[in-house]
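What follows is one structure encoded as structure tokens, with my remarks underneath.
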Amino acid sequence: MRARITVRLVFASVQSFIAFSALVLALLLNFNLFGIQSLFDIPDRAIAFYVTMLVVFGVTFLISGFFLVYEWWEKL
Amino acid sequence: MSLNRTKTKGFGLFDIVIAGLSGAIGFEIFVLLNYAYFHLAGPDMLTALALGGVINFLIMLSYCELATAMPKVGGEYTYIKTAYGGYISFIFGCFRWLSSIFAAALAAVAFVLQLSYLFSAFSPQIQNGILAQSWVISIILVVAMGLFEVRGVRQVGSIVVIAFILLFLGFIVGGFIQGVGPLDFSGAQLPTGVSGVFAAVVYVFPMFIGTRAIVAAASESKRPEKDISRGLIISALVIIPIYVLLAFVAIGTVSSAETLEQIPLLSFAAGRVFGSYGSIIFSFAGMAACLSALGTSLSVQSSISRGMSRDGYFPKLLLSVHSKYGTFHVAAIVGTAFILILSTLGAVPFLGYAACFGSLLVFAVVNLSLIRLRQKKPYMDRPFKTPLYPVTPVLGIILSVALLFVPILIGDGNAIDALTSSVGLTGIVLVSYYLRMAGRYRTQIALGGIGVGVGVCLAVFSVFNLLHFIPSYVQFFVSVVFIVTGFFNLSAGKKKDKLEKSRRPEDL
């Protein structure tokens, strides 16, 4: 039981971290910080699409990860 | 500006009028004239101001009927809720909240502009430094005001309002004594043509909409059935000549050829009328107005978010009261965080349009509510009836919606950006409403399903290397994480949802 809870917490934390990274990446792409647009070789007209996708998925998976972390918190 | 009264005697007509003027005379006049004059309408900004004032007056006639019929706490939120129920009132409560957040961010940015102009008189280096680090100053200012809100610090607004009116009258009289230059009203000088005049109305409109602050004082009025409608009409009419004459003197002292985009027009004109002391006095007045508006907006956003929290739309956490200061600190902190992010943008026209966007939508729906309530509750006690019904509310709706879209039709970049952001925020509002109504466990199931779906898609992408800029092993790892957490969310949500359903009949 304890191992299962730990596995859930680990996966939830990793997912939250990935989602948070996606949001940071969206911010970097939007403002082209550190020349990230050319680094990923993304055409200008596609930036808005990638930023929107990253924000939508970032927020969705951040909430999803937080739900599992919150469940673990409740069981403490 | 805010009018905060601690006495419980109730407001008379004078207090009500002062409350309306207090809401209308704010920092907007110090910052919003620039864009309307130099970019949109030129000298015909005066026509835009008069038109904005008349539209505001028309809308306030609808407010008169609703505020005297329902002099309860909640203002627009209460009117819309009575007419259309919870869902619509939630959406427009959110718009009103967002409008307060944008207005607070605009006040913070305007404060920095006034501060920089103050230093321009004796130290251009400091002025440049302030403009370069404007976002840092905005953050410090918003955090400081947020702390004041948490600690429950208040200021009395009525004396400040009277001081502002006297200052403005002095400026107008001084301008006429000095002999302001003749204005060229020919269409040739308009930067964006005749349509620019209508677009300018949107940018100067926030100067007037503060008169609706009276509805917040309605519940404390001694004679709401008489004084609220009189107060709304008087303040909406008085503010028009004040602003038109102020703008007349201000633009009479400068020509549109002068490049003053970074300089607050009114403070600059005060320098021409009263000498360098005039600029300093008006810069201080502008800063005081910004601080007052920032404080008021923080209180208003906190009040709206708590109202919606009380109705179950926002988390109950927002109703938490600070153990030491007795203030709603969580609501203040949440609002401060949003204002903080927006104030770092530093774009006055963008924030001006965004603040106006929410208000105009709310105005349109308040007018709709009036029509609906006339049909739904024909026998409701109405101490004041909007004249020329249904022409007045229909005009209110048409003009509010038209004002929203004119800047977009002429391709104004700030309006397009602000509208895009507002549509995005509207999406978030609608999604949050449905998530709130669906409940936590159903949301968890939905998110679990999305997680599994996206995970499977990512796994397929990784096999065929469709996202070439992300290494396929990274894609595969992310897909595994999403699928596993998706199943965890699905299983946890389903279990809890069943448990909740089985408990429900017993609870009932």
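Within every chain, numbering begins at 1; the chains are lettered A, B, ... in the order of the sequence lines, protein sequences first and strands thereafter. When reading the values below, keep in mind they use all heavy atoms of this one structure, side chains included, and skip hydrogens, waters and symmetry mates.
- For the atom pair Ile450(B) CD1 and Phe57(A) CZ, the distance stands at 8.5 Å (nearest 0.5 Å).
- Only the side chain of Val484(B) comes within contact range of chain A, judged by heavy atoms closer than 4.5 Å.
- Once rounded to the nearest 0.5 Å, the distance linking CZ of Phe11(A) with CG of Asn489(B) reads 13.0 Å.
- By the 4.5 Å heavy-atom criterion applied to side chains, Val7(A) and Phe488(B) are counted as neighbours.
- For Phe477(B), the part sitting under 4.5 Å from any heavy atom of chain A is the side chain, from C-beta outward, and nothing else.
- Looking at Tyr50(A), only its side chain comes within 4.5 Å of chain B, counting heavy atoms on both sides.
- Note that CG of Leu447(B) is 6.5 Å distant from OG1 of Thr60(A), once rounded to the nearest 0.5 Å.
- Atoms CD and CD1, from Gln15(A) and Ile483(B) in turn, are 11.5 Å apart once rounded to the nearest 0.5 Å.
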